[in-house]
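Note on naming: letters A, B, ... go to the chains in the order of the sequence lines (proteins, then strands), and numbering restarts at 1 for each one.
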There are 2 protein chains.
Amino acid sequence: MSQKVFVSAQEVADRAGVSRSAVSRTFTPGASVSPETRRKVLEAADALGYHVNHLARGLMRNESGIVCLIVSDLATPHRSGMIKVLTQELQHSGKIAMLVNTDLSDGSVDLALRQAIHYRADASIILSGMPDKSIAQLCLKSGQRLVLINRDDEQDGPLRINLDDEEAAGRILIAFLRAGCRKLAFANSEAGTPSLMARENGFVAAARAHGLDVVVERYGWTGYESGRVLAQRLLTRNQRPDAVFCATDLLACGFMDAARHQFSISVPDQLCVAGFDDIEQASWASYQLTTFAQPLATIAREAVSWLESGPVANSEGRTSAIRLHADLVWRSSIRGG
Amino acid sequence: MSQKVFVSAQEVADRAGVSRSAVSRTFTPGASVSPETRRKVLEAADALGYHVNHLARGLMRNESGIVCLIVSDLATPHRSGMIKVLTQELQHSGKIAMLVNTDLSDGSVDLALRQAIHYRADASIILSGMPDKSIAQLCLKSGQRLVLINRDDEQDGPLRINLDDEEAAGRILIAFLRAGCRKLAFANSEAGTPSLMARENGFVAAARAHGLDVVVERYGWTGYESGRVLAQRLLTRNQRPDAVFCATDLLACGFMDAARHQFSISVPDQLCVAGFDDIEQASWASYQLTTFAQPLATIAREAVSWLESGPVANSEGRTSAIRLHADLVWRSSIRGG
DNA sequence: GCGGCATTTGCACGCGATTGCAAGGCTTCC
DNA sequence: GGAAGCCTTGCAATCGCGTGCAAATGCCGC
């Protein structure tokens with residue numbers, strides 16, 4: 001194997017008997033090159049295995065084609081599903097994803113984020129519960145476009161994509177009522193992110209509108225284990241709930257497991273359960289969880305097409321916001337249907 | 001907000017009253033700069049909000065700091081867990097991850113991969129079942145370092161990290177025998193990746209060594225649904241198995257669910273089940289699956305430290321291979337213990 | 001045959017950084 | 001005091017590419 005690995009535009013130019021500019025123009029859409037020259041260049045490029053160096057191109061164009069995904073709870077079913085559709089959509093539009101994992105607590109997060117900025121990423125998509133607005137600020141100040149998914153930062157500039165959590169909460173309440181439930185509970189984590197709180201508040205408000213109270217319990221991180229603890233707390237009360245809306249499918253799975261295996265409560269006969277996200281596990285036979293599906297494909301498409309719309313039209317801080325509808329996926333964790 | 005977004009080294013140099021080289025050297029570890037100059041530079045840099053442009057640096061140094069993660073089945077619990085630890089480890093060592101999703105079947109995969117190469121990624125880590133060796137070849141030819149995880153390509157150059165699948169299969173056989181099982185089955189997908197086949201072959205061989213036969217069934221993709229189908233096929237046989245080793249936890253979950261909810265078979269009383277990977281769901285109360293834990297942290301550490309060891313010492317194709325041990329995680333899907 | 005016009009091509013500069021080389025400053029020692 | 005040697009520093013070349021500008025080419029109509 002030769003020591004010299006990459007071919008430069010100069011070498012292609014030499015072989016094709018044209019100038020280096022001609023090579024550059026051949027690979028620049030919309031540039032003025034004659035068919036004949038283009039043919040010669042492409043031929044030489046192919047023979048030499050030439051490819052445009054994106055580092056150099058990004059340097060010149062001042063636009064790298066890199067989109068930075070800033071993610072916490074990476075391994076969670078919902079988040080990984082989101083990453084999957086986002087990377088697909090990005091690749092589809094010729095961009096490439098850089099991944100910044102914000103799970104760690106040491107300084108490496110900050111470091112990686114700065115890294116991403118130093119690579120002059122064109123944009124960042126934040127799917128992180130991290131309440132730290134400074135990240136977003138940093139991205140904006142670096143001239144990146146910014147997409148916030150399921151966060152509700154009151155900020156100018158970014159595209160904000162959210163679900164109509166309150167409305168969904170109202171719908172699930174109706175479903176509980178139809179099933180004959182009256183002793184309502186809401187199981188939440190302590191994360192306190194806007195979407196989680198919207199679900200909680202929407203549920204409580206809807207119940208109140210029907211003259212009903214909701215027992216709200218919050219605990220820990222938004223995961224399976226927290227669901228179990230929440231079940232422990234809610235199912236040992238004097239007035240045991242007969243319906244619980246969990247802020248997340250993961251919580252719901254933990255909740256159901258504790259209810260069944262620990263308290264021998266039958267779902268949905270004695271207890272109706274609903275979740276949110278429609279992760280894969282919600283459809284598993286052991287859960288059959290009624291839940292709300294996040295429109296992942298739509299979210300990804302909206303996000304990427306907004307990014308593609310170019311860095312223009314940014315009328316000095318005009319905020320764009322998209323509010324999407326979450327479909328109710330009906331399964332057997334609620335009676336009736 | 002001003003139009004000019006980024007500060008260049010020149011501006012820092014001007015403000016600090018030094019030359020551009022001094023600025024560069026200040027941000028290059030090991031370069032020769034006097035404490036006094038360094039102080040002035042850092043001060044100016046801080047005031048102006050200067051950061052090294054990694055695109056330009058990568059261009060000069062011919063090493064970008066980018067590591068490309070080539071992944072299929074991104075949203076799978078095991079894969080997303082792998083990605084999580086890898087990104088953490090990479091960030092920890094000052095590198096940044098680019099994500100290429102190989103799930104799509106259209107040309108965008110190839111495109112994204114080439115993209116990654118065009119960004120002059122220093123290395124690629126392949127966690128993809130994709131049997132396409134050409135990807136690996138392409139990476140190597142581009143002068144990248146390459147890490148293959150749980151694949152067994154017979155190739156020179158890359159670091160290959162594998163588990164001792166056969167040995168693990170032997171251990172689980174012993175567990176089944178201890179539980180009194182004699183009618184053994186193996187549930188596999190049709191993916192046919194080396195590690196899956198190693199588990200199958202190892203299990204069959206170990207059984208044969210004990211004078212026992214194994215019913216092997218393969219179906220579809222390595223996911224929950226396939227597990228259900230496999231259960232359907234294996235549990236309707238005349239001689240119903242009393243122990244099944246599933247090539248993957250996801251298969252095992254589907255298998256258990258079908259066994260319980262569709263065939264009303266009690267696990268582990270009437271059927272012992274084991275899986276592989278130790279995904280989060282394996283520990284959920286509904287499954288309590290006995291399985292093998294992939295040493296994710298170790299894999300990530302080995303991979304990244306090998307990458308850090310630099311592009312040297314590549315004695316023209318010397319292959320490095322690491323074989324790791326998978327710990328058996330004992331839960332209640334097998335009798336006894 | 002020639003001027004006018006549109007298209008193509010090459011030159012040369014710039015993007016933002018790294019780095020070899022040589023000049024300059026300082027200490028040290030004879 | 002002066003030569004030797006080390007540490008700093010600036011100059012200038014380089015990395016691979018994009019692009020404005022002017023020269024060159026080709027085509028058309030008169």
Side-chain angles (χ1 to χ4, degrees), chain A residues 3-42 44-45 48-66 115 117-122 142-143, chain B residues 3-42 44-45 48-66 115 117-122 142-143:
Chain A
Q3 190 66 307
K4 176 123 180 47
V5 178
F6 290 110
V7 236
S8 75
Q10 184 63 64
E11 305 175 48
V12 178
D14 292 347
R15 183 182 232 263
V18 297
S19 81
R20 206 181 45 72
S21 333
V23 179
S24 183
R25 290 197 170 97
T26 301
F27 291 99
T28 304
S32 160
V33 199
S34 75
E36 173 60 12
T37 328
R38 149 166 268 121
R39 192 190 55 71
K40 282 193 293 187
V41 169
L42 286 179
L48 265 51
Y50 168 78
H51 293 295
V52 177
N53 183 333
H54 280 52
L55 257 40
R57 166 176 283 184
L59 191 56
M60 272 302 301
R61 289 225 184 124
N62 211 20
E63 121 179 8
S64 58
I66 298 174
Q115 283 257 59
I117 291 181
H118 302 169
Y119 283 105
R120 302 297 189 256
D122 298 332
S142 304
Chain B
Q3 191 65 305
K4 179 122 178 46
V5 178
F6 289 111
V7 215
S8 74
Q10 184 61 66
E11 305 174 47
V12 178
D14 291 347
R15 184 182 231 264
V18 298
S19 78
R20 197 180 33 251
S21 332
V23 179
S24 183
R25 285 192 245 267
T26 301
F27 291 99
T28 303
S32 160
V33 197
S34 76
E36 173 60 8
T37 323
R38 148 167 268 121
R39 191 191 54 72
K40 282 193 292 186
V41 169
L42 286 178
L48 266 49
Y50 167 79
H51 293 295
V52 176
N53 183 332
H54 279 53
L55 258 40
R57 166 177 285 183
L59 191 56
M60 269 302 301
R61 291 223 183 127
N62 210 22
E63 119 178 10
S64 58
I66 298 174
Q115 283 257 61
I117 291 181
H118 302 169
Y119 282 105
R120 302 297 189 258
D122 298 333
S142 303

Select base, sugar-phosphate, or nothing to describe what [X] touches, counting heavy atoms under 4.0 Å on all strands.
X: S32(A); result: base
X: H51(A); result: sugar-phosphate
X: V23(B); result: nothing

So for the helix from dG1(C)-dC30(D) to dC30(C)-dG1(D), with five pairs setting each end axis, what is the inter-axis angle to 10°? 50°
By side chain to side chain donor-acceptor pair (under 3.5 Å) - contacts of D14(B) (at least two apart): Q10(B)
Once you round to the nearest 0.5 Å, how far does CZ of R20(B) lie from CD of E11(B)? 12.0 Å
If I take atom CG from residue N62(A) and atom CZ from residue R120(A), how far apart are they, to the nearest 0.5 angstrom? 8.0 Å
Report the distance from atom [atom1] of [X] to atom [atom2] of [N], rounded to the nearest whole Å.
X: E63(A); N: dG18(D); atom1: CD; atom2: C1'; value: 12 Å
X: Q10(B); N: dT18(C); atom1: CD; atom2: P; value: 13 Å
X: N62(B); N: dG16(D); atom1: CG; atom2: P; value: 7 Å
X: R57(A); N: dC15(D); atom1: CZ; atom2: C1'; value: 16 Å
X: L55(A); N: dG18(D); atom1: CG; atom2: C1'; value: 15 Å
X: N53(B); N: dG14(C); atom1: CG; atom2: P; value: 18 Å
X: R38(B); N: dC7(D); atom1: CZ; atom2: P; value: 16 Å
X: H54(B); N: dG16(D); atom1: NE2; atom2: C1'; value: 19 Å

At their closest point, which heavy atom of [X] faces which heavy atom of [Y], and how far apart are they?
X: A9(A); Y: V23(A); answer: O-CG2, 3.8 Å
X: R15(A); Y: A44(A); answer: CD-CB, 3.9 Å
X: R61(A); Y: P29(A); answer: NH2-CD, 4.4 Å

Just the atom pairs and distances: protein N or O near nucleotides 10-13 of chain D's N or O, under 3.5 Å.
unit_1, atom_1, unit_2, atom_2, d
dG10(D), OP2, S19(B), N, 3.0
dG10(D), OP2, S19(B), OG, 2.9
dG10(D), N7, R25(B), NH2, 2.9
dG10(D), O6, R25(B), NH2, 2.7
dC11(D), N4, S21(B), OG, 3.1

Nearest to the [X] side chain among [options], which nucleotide is it?
X: S24(A); options: dG16(D), dG16(C), dT19(D); result: dT19(D)
X: V33(A); options: dC7(D), dT9(C), dC15(D); result: dT9(C)
X: S8(A); options: dG16(D), dG16(C), dG18(D); result: dG16(D)
X: T28(A); options: dT19(D), dT18(C), dC7(D); result: dT19(D)

Counting only side-chain nitrogens and oxygens, does S34(A) get under 4.0 Å of the OP1 or OP2 atom of dT9(C)? yes
Is there a side-chain polar atom (N or O) of Y119(A) under 4.0 Å from OP1 or OP2 of dG16(C)? no
Atom pairs and distances, donor-acceptor, side-chain atoms in residues 48-59 of chain A, under 3.5 Å, two or more places apart:
unit_1, atom_1, unit_2, atom_2, d
H51(A), ND1, H118(B), NE2, 3.4
N53(A), OD1, L55(A), N, 2.8
N53(A), OD1, A56(A), N, 3.4
H54(A), ND1, V52(A), O, 3.3
H54(A), NE2, Q115(B), OE1, 3.0
R57(A), NH2, F27(A), O, 3.0

Kindly write out the residues that satisfy side-chain contact (heavy atoms from CB on, under 4.5 Å) with S24(A), not counting sequence neighbours, or none if the list is empty. T28(A)
Under 3.5 Å donor-acceptor, Y119(A) side chain and S64(B) backbone: yes
Could you list the protein-to-nucleotides 22-24 of chain C atom pairs, N/O on both sides, closer than 3.5 Å?
none

For residues 35-42 of chain B, dump all side-chain donor-acceptor pairs below 3.5 Å to protein atoms at least two apart in sequence or in another chain.
unit_1, atom_1, unit_2, atom_2, d
E36(B), OE2, R39(B), NH2, 3.2
T37(B), OG1, S34(B), OG, 2.6
R38(B), NH2, T26(B), O, 3.0
R39(B), NH1, E43(B), OE2, 3.1

